[in-house]
Number of protein chains: 2
Amino acid sequence: MVETRSPANPLFLRDEELRQGIELMFYAYRDFTFEIDQLLKHYQLGRAHHRALYFIGRHPGQTVGHLLSILKVTKQSISRVLKDLLEQGYVEQKSGPRDRRERRLWLTEKGQALERELTDRQSQRFARAYRETGAEAVEGFRKVMLGLLDPVERAEVDKRVRGSGR
Amino acid sequence: MVETRSPANPLFLRDEELRQGIELMFYAYRDFTFEIDQLLKHYQLGRAHHRALYFIGRHPGQTVGHLLSILKVTKQSISRVLKDLLEQGYVEQKSGPRDRRERRLWLTEKGQALERELTDRQSQRFARAYRETGAEAVEGFRKVMLGLLDPVERAEVDKRVRGSGR
DNA sequence: CTAGATAGGTCAGCAATACTGACCATGTCA
DNA sequence: TGACATGGTCAGTATTGCTGACCTATCTAG
């Protein structure tokens, strides 16, 4: 696996640097999701259920449409997942106060407990990473991650991510 | 969506900070993969094909087993993908020089061209993010991403990521 | 040389996730 | 009233992944 390169070529280094980013994205996401997928299997739920659970917990009372705009999947996909979560008592819905077509979503006690359990695992992973790297690195991480988003999404996500804190 | 919090409670802030990480991971990965998935559809290939293509290009001459250890999927899964890539002339294989049971993998010219096209898109995304945030942020990003990995994986990935550069 | 381990393939069956397309019910609002 | 929006549902399909079972070729140690 000997690769020729010119150490003096800044273009090569740049390319190398970018590939490192791509790979870190792959590896980090791989490990980040693997652990939780195992846990979900135990509850007979999938990753899609977790995503719905997480974002319903994060934005209580949001509509199905809002959830769709976050997850960026089709309503058919989310519909199946929500049906499971409703049936199993993790989520409850109420029609919107102004527009009664809307279904607004909340976690039940049971849903909150599960969400908490799942999120804790992932939080612990971040806590470890943050502890090991320090505040400055975390700020860099945050900036780069936001920079990776589609520009159209960025402001919205930035708001959403900081939203219920600070 | 009014959430009660005590601004003086460091535990809350910590929890909030960790949740931001989790969400950034979701949003960044979502946008990072969406664009390329569209392109892949055009070639009748899936994300799994891209991953194989990418890592074969990255580690030319590696064995199927090594690829498996990177992707962390079963041989049945990778086998199907490799079959497609071989049939369509993106990848070629030779038996190992010492151990002839091994199938060592390389990209063909055609495979290199496709890999380059796909990777370029993702590189451009990273290039933009890096440009907007600066070298310090990039270093922080790198550290945190490595910190998110399973500890057992970290040294190996760090080596692999830096591997063919620096 | 033989036995067991290893690298890898293959077949069958299954599940989760996501998609498109079509169609319907219910509300809102101009 | 009619156009539009929110949301659900049904049907069909593709991709990716899994488990389990079994096969071949090859290597290596005794």
Side-chain angles (χ1 to χ4, degrees), chain A residues 26 29-30 33-56 61-88 91-105, chain B residues 26 29-30 33-56 61-88 91-105:
Chain A
F26 167 75
Y29 199 78
R30 182 195 67 180
T33 51
F34 185 79
E35 180 184 24
I36 210 98
D37 282 349
Q38 301 309 103
L39 229 182
L40 283 162
K41 209 180 287 174
H42 180 259
Y43 288 97
Q44 308 256 59
L45 297 172
R47 200 183 290 180
H49 296 96
H50 179 215
R51 287 199 287 256
L53 211 54
Y54 181 90
F55 284 109
I56 293 169
Q62 77 186 315
T63 64
V64 172
H66 185 245
L67 186 56
L68 282 179
S69 76
I70 290 178
L71 300 178
K72 295 257 187 81
V73 294
T74 59
K75 60 181 178 175
Q76 290 89 333
S77 297
I78 202 63
S79 174
R80 222 174 350 180
V81 167
L82 283 178
K83 197 176 153 195
D84 292 344
L85 294 175
L86 285 163
E87 279 173 7
Q88 290 170 49
V91 167
E92 59 185 354
Q93 54 183 14
K94 297 174 199 155
S95 49
R98 291 209 312 252
D99 184 338
R100 279 169 38 225
R101 287 168 308 183
E102 293 174 348
R103 286 169 47 192
R104 290 176 173 264
L105 305 167
Chain B
F26 167 74
Y29 198 77
R30 181 195 67 181
T33 51
F34 185 79
E35 179 184 27
I36 210 99
D37 282 350
Q38 302 308 103
L39 229 181
L40 282 162
K41 210 180 288 173
H42 180 259
Y43 288 97
Q44 308 258 59
L45 297 172
R47 201 183 288 180
H49 295 96
H50 179 215
R51 288 200 285 257
L53 211 54
Y54 180 89
F55 284 108
I56 293 170
Q62 78 185 313
T63 63
V64 173
H66 186 244
L67 187 56
L68 281 179
S69 76
I70 290 178
L71 300 178
K72 296 256 186 83
V73 295
T74 59
K75 61 178 178 175
Q76 291 91 330
S77 298
I78 203 63
S79 176
R80 226 175 345 187
V81 167
L82 282 178
K83 198 177 153 193
D84 292 343
L85 294 175
L86 285 162
E87 278 174 8
Q88 290 169 49
V91 167
E92 60 185 354
Q93 55 183 12
K94 295 174 201 155
S95 50
R98 291 208 314 251
D99 185 336
R100 281 175 31 229
R101 286 169 307 182
E102 293 175 347
R103 286 167 48 192
R104 290 176 173 265
L105 304 167

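Side chains included, hydrogens not; waters and symmetry mates left out as well; all remaining heavy atoms used. Residue numbering restarts at 1 for every chain, and letters A, B, ... go by the order of the sequence lines.
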Inset, instruction - Under the side-chain contact (heavy atoms from CB on, under 4.5 Å) rule, collect the residues that match up with A/Ser79, sequence neighbours excluded. - result: none
Legend entry - Length of the line joining A/Glu102:CD and C/dT28:P, which is rounded to integer Å: 9 Å
Inset, instruction - Run the ring-centre check on B/Tyr54 versus A/Phe26 and record whether the distance is less than 6.0 Å. - result: no
Inset, instruction - Find the distance B/Gln93:CD to C/dA7:C1' and express it as a whole number of Å. - result: 12 Å
Inset, instruction - Could you list the residues that satisfy side-chain contact (heavy atoms from CB on, under 4.5 Å) with B/Lys94, not counting sequence neighbours? - result: B/Trp106
Legend entry - A/Gln44, CD atom: more than 12 neighbouring heavy atoms under 6.0 Å: no
Inset, instruction - Step by step, work out the side-chain contact (heavy atoms from CB on, under 4.5 Å) result for A/Arg80 and A/Gln76. - result: CA-CA 7 Å; A/Arg80 222 174 350 180; A/Gln76 290 89 333; over 6 Å; no
Legend entry - 5′-ward residue of the pair A/Thr74/B/Lys75 relative to DNA chain C: B/Lys75
Inset, instruction - Measure the OG1-CZ distance between A/Thr63 and A/Arg101 for me, rounded to the nearest 0.5 Å. - result: 11.0 Å
Inset, instruction - Measure the distance from CG on B/Leu82 to P on C/dA7 and round it to the nearest whole Å. - result: 16 Å
Inset, instruction - May I have the distance from A/Arg104 (atom CZ) to D/dT6 (atom P), rounded to whole angstrom? - result: 12 Å
Inset, instruction - Report yes if at least one side-chain N or O of A/Ser77 is closer than 4.0 Å to OP1 or OP2 of C/dT17; otherwise report no. - result: no
Protein-nucleotides 24-26 of chain D N/O pairs closer than 3.5 Å?
from   : atom 1 : to       : atom 2 : distance (Å)
D/dT26 : OP1    : B/Arg100 : NH2    : 3.4
D/dT26 : O2     : B/Arg101 : NH1    : 3.1

Inset, instruction - Report, as yes or no, whether the 6.0 Å neighbourhood of atom NZ on A/Lys72 holds more than 12 heavy atoms from other residues, nucleotides or ligands. - result: yes
Inset, instruction - May I have the distance from B/Asp84 (atom CG) to D/dG17 (atom C1'), rounded to whole angstrom? - result: 14 Å
Legend entry - Interatomic spacing from CG in B/Leu67 to CG in B/Leu105 - rounded to 0.5 Å: 6.5 Å
Inset, instruction - Nearest whole angstrom, please: distance from the P of C/dT17 to the CG of A/Leu53. - result: 13 Å
Legend entry - Short side-chain to backbone donor-acceptor contact, B/Gln93 and B/Val64, under 3.5 Å: no
Legend entry - For atom CG of A/Leu71 and atom P of C/dC19, their distance in whole Å: 10 Å
Just the atom pairs and distances: protein N or O near nucleotides 10-14 of chain D's N or O, under 3.5 Å.
none

Legend entry - Evaluation steps, side-chain contact (heavy atoms from CB on, under 4.5 Å), between A/Leu45 and A/His50: CA-CA 8 Å; A/Leu45 297 172; A/His50 179 215; over 6 Å; no
Legend entry - DNA chain D contacts made by residues 37-52 of chain B, counting heavy atoms under 4.0 Å: B/Gly46, B/Arg47, B/Ala48, B/His49, B/Arg51
Legend entry - Pairs flagged by salt bridge (charged side-chain N to carboxylate O under 4.0 Å, His left out) wherever residues 39-53 of chain A is involved - sequence neighbours left out: A/Asp37-A/Arg47
Legend entry - B/Arg30 CZ - C/dT17 C1' separation (whole Å): 17 Å
